[in-house]
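The structure appears below as structure tokens.
Numbered from 1 within each chain, the chains take letters A, B, ... in sequence-line order. These figures come from a predicted structure and were not determined experimentally.
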Protein chains: 2
Amino acid sequence: MITREIALIQINQKSASHDGGERCGDCPIRYRAVCAHCETDELALLEDMKFYRSFDPGQPIVWEGDRMEFVGSVVTGVAALTQTLEDGRTQMVGLLLPSDFLGRPKREIAAYNAVAATKVVLCCFRRKPFEDMMRTTPHVAHRLLEMTLDELDAAREWMLLLGRKTAREKIASFIAIIARREAALQKRDPGGRMRIELPLTREAMADYLGLTLETVSRQISALKRDGVIELVGKRAINLPDFARLVEESGDDSDGGYLS
Amino acid sequence: MITREIALIQINQKSASHDGGERCGDCPIRYRAVCAHCETDELALLEDMKFYRSFDPGQPIVWEGDRMEFVGSVVTGVAALTQTLEDGRTQMVGLLLPSDFLGRPKREIAAYNAVAATKVVLCCFRRKPFEDMMRTTPHVAHRLLEMTLDELDAAREWMLLLGRKTAREKIASFIAIIARREAALQKRDPGGRMRIELPLTREAMADYLGLTLETVSRQISALKRDGVIELVGKRAINLPDFARLVEESGDDSDGGYLS
DNA sequence: CGACTAGTTGATTCGTCTCAATCAACGTGG
DNA sequence: CCACGTTGATTGAGACGAATCAACTAGTCG
């Protein structure tokens with residue numbers, strides 16, 4: 001497991017393309033990322049300090065202990081934050097979706113590994129000017145607080161999953177989370193029948209859920225056998241009945257938050 | 001397990017004393033809580049909106065779904081945030097120590113249960129004036145962001161524990177966390193020999209670690225047998241060698257963060 | 001004193017991990 | 001074009017760790 005990861009790093013180290021700057025006004029995450037509350041003048045400041053980077057699936061974005069000269073937002077794709085024990089056991093501790101923020105102001109040394117799970121485009125801000133802006137204008141700091149509080153809520157729900165759910169419930173919960181996100185993107189209810197695309201390999205799902213990849217595979221097969229899900233290839237799933245899936249997840253039926 | 005908790009609630013519902021206001025200048029958490037960065041004029045604003053409440057061990061502070069008319073800081077004692085599955089399985093998702101913040105601005109409905117683990121004194125701020133202050137003065141919002149980012153880091157370390165550590169490693173990690181905190185309070189290194197006081201019952205430790213209380217008891221006994229810890233009564237521990245404990249925790253030796 | 005709580009310990013069960021074989025899809029070089 | 005290696009995934013057999021069920025102890029309170 002360790003040697004496999006090292007191989008991955010070496011293979012992928014080669015390419016990390018830098019692209020030219022697009023306009024913030026056209027950005028797909030304009031109203032959900034750290035910049036959400038910014039006025040046009042603040043947006044201009046951000047335009048000045050930003051640059052884009054892309055990463056291929058499996059490619060590391062930063063490594064724990066590395067100096068990080070930027071912070072930034074996921075524009076498209078999915079990235080995973082992971083932590084590792086000395087003997088190689090790894091646990092995913094963050095799943096960054098479009099608009100999620102990577103890095104921490106005032107911390108130059110990365111505390112986690114970040115790996116692209118799919119193709120990822122990152123909107124990066126040079127650290128120094130971004131930190132200045134945090135101090136001088138309220139909107140970025142305020143939005144970052146909101147986002148961090150949301151992440152903390154997500155982390156706590158995740159802790160309940162890791163500490164108390166069975167393997168079957170973990171898988172059902174994960175699929176439900178992805179389904180809800182998919183539904184939110186399409187601005188519709190996750191009710192009844194729907195199709196979803198899994199953004200993670202079986203191994204990454206195992207790291208997310210605190211399981212082995214074999215157990216992930218077995219439980220997915222079991223949910224399929226029981227008619228809770230239908231597999232379409234390896235990475236896509238049809239949900240005949242979303243409510244049934246939620247039952248299998250062990251959560252209270254509603255799970256609805258009030259902001 | 002469910003019935004036991006319900007009994008607890010009913011027993012403890014009775015008392016929640018309201019105390020008079022002490023001066024912020026003398027507060028033991030003056031320079032670590034949300035108010036840490038505040039100037040004297042901002043402190044005066046906070047004095048106006050604050051009041052104290054105390055809770056006895058085992059007593060609930062708020063219940064998930066309750067309307068919460070305040071936010072606040074733990075002044076003394078230890079409180080636990082917990083989440084539950086519908087069938088009663090419980091996971092602790094936050095351990096609030098002195099200076100830690102309870103509640104979320106802009107969220108009136110509590111998302112978690114909070115229970116006093118020891119006798120707790122809470123410095124409460126009335127919600128509305130506190131939220132106004134978040135908007136109008138930068139220091140409180142800024143400090144809250146710092147604290148929330150720290151909590152997120154702690155949550156992520158906790159996720160690694162829940163997802164990937166063995167029962168023995170979980171217990172060792174927990175004791176190490178408490179020992180480090182104790183050492184920090186006394187402003188000394190957690191090196192060599194030291195004595196610590198466990199602020200949680202075996203059941204609460206189990207909820208923290210995603211174990212059963214029997215497993216907690218067994219692993220504590222095992223660590224004692226192996227000379228890693230010495231028990232003094234049920235709730236106090238002597239550490240002959242802190243480094244040995246850290247080895248047992250499975251973490252990288254250092255674990256040192258850079259802020 | 002008995003009732004109750006917190007904790008310990010034992011016997012057994014059960015769920016997940018570990019190790020291993022197998023398969024399908026894909027790319028590569030001879 | 002096909003044999004070969006690689007990667008991601010599935011499935012099986014057996015081992016092991018933690019949960020469960022249960023008995024028991026010590027301390028505390030009324």
Between [atom2] of [N] and [atom1] of [X], the distance in whole Å:
| X | N | atom1 | atom2 | result |
| --- | --- | --- | --- | --- |
| B:Asp207 | C:dG7 | CG | C1' | 15 Å |
| B:Arg235 | C:dT8 | CZ | P | 10 Å |
| B:Glu203 | D:dA19 | CD | P | 13 Å |
| A:Leu211 | C:dG15 | CG | C1' | 11 Å |
| B:Leu213 | C:dG10 | CG | C1' | 15 Å |
| B:Met205 | C:dA6 | CE | P | 15 Å |
| B:Leu231 | C:dA6 | CG | P | 18 Å |
| A:Gln91 | C:dC17 | CD | P | 11 Å |

Keeping to residues at least two apart or across chains, list the salt bridge (charged side-chain N to carboxylate O under 4.0 Å, His left out) pairs with something in residues 183-197 of chain A.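 Passing the test, one end in residues 183-197 of chain A: A:Arg193-A:Glu230.
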In plain terms, say whether B:Glu214 and B:Arg218 are close enough for a salt bridge, that is, a side-chain N and a carboxylate O under 4.0 Å apart.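 Salt bridge flag = no for B:Arg218 with B:Glu214.
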DNA chain D contacts made by residues 161-172 of chain A, counting heavy atoms under 4.0 Å: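 Nothing qualifies; none.
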Got a sec, which pairs hit ring-ring contact (aromatic ring centres under 6.0 Å, His included) with one end in residues 217-245 of chain B, sequence neighbours left out?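 Residue pairs with at least one partner in residues 217-245 of chain B: there are none.
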Can you run down the ring-ring contact (aromatic ring centres under 6.0 Å, His included) pairs that involve residues 156-189 of chain A, sequence neighbours left out, and say none if there aren't any?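 Matches after skipping sequence neighbours: A:Trp158-A:Tyr208, A:Phe174-A:Tyr208.
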Are any side-chain N or O atoms of A:Lys165 and backbone N or O atoms of A:Ser249, one a donor and one an acceptor, separated by less than 3.5 Å?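 Yes.
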Who pairs with B:Lys224 by side chain to side chain contact (heavy atoms under 4.5 Å, CB included), at least two apart in sequence or on another chain?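 Expected list: B:Ile229, B:Leu231.
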Phosphate OP1/OP2 of D:dT11: any A:Ser217 side-chain N/O under 4.0 Å: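 Result: no.
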Compare side-chain N and O positions of A:Thr215 against OP1 and OP2 of C:dC17 and report whether any pair is under 4.0 Å apart.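 Yes, because at least one side-chain N or O of A:Thr215 sits under 4.0 Å from OP1 or OP2 of C:dC17.
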Interatomic distance, B:Leu160 atom CG to A:Arg89 atom CZ [nearest 0.5 angstrom]: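 The CG atom of B:Leu160 sits 8.5 Å away from the CZ atom of A:Arg89.
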Yes or no on side-chain contact (heavy atoms from CB on, under 4.5 Å) for B:Cys124 and B:Tyr52, after CA distance, side-chain angles and deciding distance? CA-CA 6 Å; B:Cys124 307; B:Tyr52 289 93; over 6 Å; no
Pairs: protein N or O with nucleotides 22-30 of chain D N or O, under 3.5 Å:
none

Would you mind reporting whether B:Glu151 and A:Arg156 have side-chain heavy atoms less than 4.5 Å apart?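 A:Arg156 vs B:Glu151: side chains touch.
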Determine the contact category for A:Gly233: base if any of its heavy atoms lies under 4.0 Å from a base atom, sugar-phosphate if only primed atoms, P, OP1 or OP2 are that close, otherwise nothing.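 The residue A:Gly233 makes no contact with any strand.
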